[in-house]
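When a ligand or atom number is given, it counts from 1 through the structure's own listing order. All figures in this text were calculated on a predicted structure; none of them were measured in a lab.
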Amino acid sequence: MTEQSYDVVVVGAGFAGLYALHKFRDQLGLSVAVVELAGDVGGTWYWNRYPGARCDIESFNYSYSFSEELQQEWVWSERFAGQPEILRYLNHVAARFDLRRDIRFGTRVESATFENDGWTIGTSDGATLRAQFLVSGVGNQSLAKQPDFVGLDDFAGDVYYTSAWPHEGVDFTGKRVAVIGTGASGTQVIPVVAEQAAHLTVFQRTPNYAMPIGNGPLDYELQSQLKSNYAALRARSRSSFSGIPYTQAQPSAVAVSPAERRATFEARWSQGGFKLFLDSYQDLFFDPAASEAVAEFIREKIGERVDDPEVAALLTPTDHLFGTKRPPLETNYYEAFNRPNVTLVDLHKNALQRFTSTGIQTEQGSYEFDAVVLAIGFDAISGPLQQLGIRGREGRALTEHWVEGPRTYLGLGVHGFPNLFLITGPQSPAVLYNGPLAIEDHVDWIADSIEHLRANGLRTIEATAEAESDWIEQTLAIADQTLLPRTDSWYMGANIPGKPRVCMVYLGGAPQYREVCAQVADDNYRGFQLS
Ligand code: N01
């Protein structure tokens with residue numbers, strides 16, 4: 001097969017890959033190929049089509065800001081868009097900017113090797129692509145966690161993964177269904193399946209601090225008003241820690257009276273979204289007493305919403321601090337457990353032993369099912385990048401460089417891997433930030449650095465070993481000031497057996513991070529070697 005040459009090869013056609021293609025091709029005039037495993041655009045919103053899938057950041061915030069025309073013309077129907085609407089939006093973007101013609105769908109990157117100042121990329125369709133730059137837009141939650149349940153293959157019923165839901169949908173009417181997993185995906189799928197299935201059994205390992213999303217139709221007038229000064233809204237988003245235009249966070253939950261604290265919690269709870277999590281008190285992430293105060297508030301709410309006190313107790317988290325696992329946002333989640341056709345099994349007290357041909361065997365009994373839904377999460381942040389067969393200078397594998405956890409400089413570059421750019425890579429703030437805006441920041445920074453190289457007749461850019469080590473040290477030092485490392489979570493790689501347990505997120509906040517990235521560029525790409 002012939003070799004095709006490009007300036008840039010981008011991996012993935014989700015929010016990241018689509019904007020990267022538009023930016024590099026249409027604004028920088030580069031030749032670009034995007035390689036995408038899925039049959040169409042959308043990334044996470046292409047695969048995660050389970051019933052109830054919905055973004056937990058407001059639609060008018062969780063969208064691109066790079067084109068004023070695009071943000072003016074698109075009309076969101078709900079405050080929090082569902083998966084089908086977000087996928088329609090990304091299809092609109094792909095059509096509007098004529099992106100599909102440069103995307104190779106249904107194609108997997110199998111190898112990527114740095115040689116002769118560029119990358120040689122081998123794909124599953126047998127093609128070899130050459131590119132000066134390799135840009136990853138693979139996302140942070142795109143590699144499903146592999147189930148390790150004994151006997152899963154023996155189960156004669158249907159097995160569905162929330163992360164790869166059938167396009168034709170699934171009808172659970174009259175079926176006995178199990179859901180395993182109560183993270184963000186499980187919390188969304190459970191109430192919807194509960195309404196349809198004859199019986200739903202939820203297998204829960206760790207209860208979560210779920211909060212009401214507060215979804216509803218998005219008032220057209222409000223939307224028009226927001227759009228009338230979208231630039232100001234985006235500026236407020238970009239100046240906040242989370243990339244959502246929240247401005248009400250007060251310094252300390254423990255410095256105020258219990259009555260005042262409670263009033264704040266109640267107000268944020270009823271406003272929905274991540275208001276309680278990200279816009280009530282700044283010390284929730286640093287002070288165990290503050291975290292416990294909000295935890296206790298949510299525990300009370302769970303008690304009020306669940307009829308059976310024993311079920312409520314099982315659904316009430318007590319083993320981890322609020323916010324140290326990503327809290328899910330829900331619609332009727334707790335009420336689902338009041339339904340006569342829903343049973344909760346606590347895997348801590350009644351461990352799952354194996355699947356059988358008819359269902360699930362636990363320590364205390366056996367359950368029969370027609371279908372099982374696995375909502376067990378992802379090999380997050382570093383996992384998807386390690387699937388690409390990337391080899392840098394002297395043939396060193398990325399998997400080898402990352403054997404003790406991911407190593408990056410700014411979450412953008414990796415020592416030993418010149419001209420490899422990561423969009424929202426490990427050790428960037430992306431997973432605690434509004435995705436589309438985090439992506440735009442990174443793509444714009446990468447585009448500027450490519451232009452800088454070209455303008456100066458340079459061929460390669462590579463993070464130095466010192467800069468990479470310093471960045472990791474800084475990232476870990478900041479993480480250690482927060483409560484996050486105290487809990488086993490996907491932020492820490494601790495949801496995957498055998499994965500190194502290390503904080504993979506820059507927790508200094510996006511404004512500070514953006515400042516550092518800008519200073520690095522201004523300072524002639526300090527910490528990168530250009531040649
Ligand atoms: O995955 P998770 P997710 N036996 O890892 C359980 C984003 N997202 O897909 O906590 C039994 O959070 C596991 O139990 P435990 C968002 O960033 C966003 O739900 O490990 N149970 C947990 O309950 C989110 O945080 C949106 O004890 C097992 C669950 O499975 C991230 O993706 C929607 C198990 C996994 O929860 C991941 O969310 C969806 C086992 N062997 C996702 N293994 C929105 O925008 C795992 N579990 C709304």
Side-chain angles (χ1 to χ4, degrees), residues 15 43-45 47-59 61-62 80-83 85-86 139-150 152 161-165 178-190 192 201-213 215 242 244 272-274 277 315 317 319-320 323-331 333 344-348 350-355 360 362 372-381 383-384 424 430-436 438 484 487-497 499 504-505:
F15 265 98
T44 208
W45 302 105
W47 295 104
N48 290 264
R49 307 174 176 236
Y50 58 85
R54 181 175 299 289
C55 186
D56 48 21
I57 295 176
E58 286 90 343
S59 47
N61 293 322
Y62 187 85
F80 294 88
Q83 173 272 333
E85 188 167 19
I86 300 173
N140 284 301
Q141 304 281 1
S142 52
L143 179 64
K145 176 179 174 177
Q146 289 307 302
D148 53 4
F149 302 112
V150 177
L152 181 58
Y161 293 81
T162 47
S163 56
W165 201 258
V179 173
I180 302 181
T182 54
S185 304
T187 303
Q188 291 188 326
V189 82
I190 284 164
V192 185
T201 307
V202 175
F203 291 87
Q204 170 192 272
R205 198 160 64 181
T206 309
N208 253 312
Y209 297 98
M211 300 170 290
I213 192 166
N215 190 33
S242 57
I244 312 174
F274 282 125
F277 177 40
L315 289 166
D319 70 341
H320 65 279
T324 55
K325 277 175 179 266
R326 190 179 186 275
L329 298 187
E330 48 81 32
T331 305
Y333 176 64
L344 179 63
V345 175
D346 175 10
L347 293 175
H348 281 312
N350 183 10
L352 195 157
Q353 289 182 322
R354 60 167 297 130
F355 272 78
I360 290 174
T362 65
V372 172
V373 174
L374 299 180
I376 58 173
F378 298 88
D379 181 348
I381 305 179
T424 68
V431 293
L432 275 171
Y433 193 62
N434 179 358
L484 199 125
T487 298
D488 285 346
S489 68
W490 59 255
Y491 298 127
M492 300 293 300
N495 64 326
I496 301 294
K499 188 168 173 173
M504 296 186 282
V505 190

What residue and atom, counting heavy atoms only, is the protein's closest point to [atom], and at what distance?
| atom | result |
| --- | --- |
| atom 10 (O) of ligand 1 | K325 NZ, 2.7 Å |
| atom 37 (C) of ligand 1 | W490 NE1, 3.8 Å |
| atom 9 (O) of ligand 1 | S185 OG, 2.7 Å |
| atom 36 (O) of ligand 1 | G183 CA, 3.5 Å |
| atom 31 (C) of ligand 1 | Q141 NE2, 3.5 Å |

Exercise. Is ligand 1 less than 4.0 angstrom away from at least one heavy atom of K145?
Worked result: yes

Between [X] and ligand 1, which part of the residue brings a heavy atom under 4.0 Å of the ligand: side chain, backbone, both or neither?
| X | result |
| --- | --- |
| R54 | backbone |
| L347 | side chain |
| A375 | backbone |

Indicate yes or no: at least one non-hydrogen side-chain atom of [X] is less than 4.5 angstrom from one of [Y].
| X | Y | value |
| --- | --- | --- |
| I86 | C55 | yes |
| S163 | Y50 | no |
| Q204 | V345 | no |
| S242 | L432 | no |
| D379 | N495 | no |
| T182 | R205 | no |
| E330 | M211 | no |

Any atoms of ligand 1 less than 4.0 Å from a non-hydrogen atom of [X]? List them with their elements.
| X | answer |
| --- | --- |
| G181 | 6 (C), 23 (O), 29 (C), 30 (O) |
| G377 | 1 (O), 5 (O), 9 (O), 35 (C) |
| Q188 | 33 (C), 48 (C) |
| T182 | 22 (C), 23 (O), 29 (C) |
| F149 | 4 (N), 40 (C), 41 (N) |
| I180 | 11 (C), 21 (N) |
| R326 | 16 (C), 17 (O), 24 (C), 25 (O) |
| D56 | 44 (C), 45 (O), 48 (C) |

| message | The test is side chain to side chain contact (heavy atoms under 4.5 Å, CB included); show your working for Y491 and M504 and say whether it passes. | response | CA-CA 6 Å; Y491 298 127; M504 296 186 282; over 6 Å; no

Stepwise, does the side chain to side chain contact (heavy atoms under 4.5 Å, CB included) test hold for Q353 with T362? CA-CA 5 Å; Q353 289 182 322; T362 65; 5.7 Å; no

Item to complete: Might you work through the side chain to side chain contact (heavy atoms under 4.5 Å, CB included) test for W45 and F15, ending with a clear yes or no?
Response: CA-CA 9 Å; W45 302 105; F15 265 98; 3.8 Å; yes

Worked check of side chain to side chain contact (heavy atoms under 4.5 Å, CB included) between N48 and W165: CA-CA 6 Å; N48 290 264; W165 201 258; over 6 Å; no

My understanding is that we take every heavy atom of each candidate and find the minimum distance to [atom]. Doing that for [options], which one comes out nearest?
| atom | options | result |
| --- | --- | --- |
| atom 27 (O) of ligand 1 | I496, T206, D488 | T206 |
| atom 47 (N) of ligand 1 | R205, H320, H348, Q83 | R205 |
| atom 33 (C) of ligand 1 | Y491, W45, Y62, Y50 | Y50 |

**Request:** Please confirm whether A184 comes within less than 3.5 Å of ligand 1 when only nitrogen or oxygen atoms on both sides are compared.
**Result:**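 Yes.
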
**Study point:** Check: F149 ring centroid to F203 ring centroid under 6.0 Å
**Key:**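 When the ring centroids of F149 and F203 are compared, they turn out to be at least 6.0 Å apart.
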
- Between R326 and D56, is there a side-chain N and carboxylate O pair less than 4.0 Å apart? yes

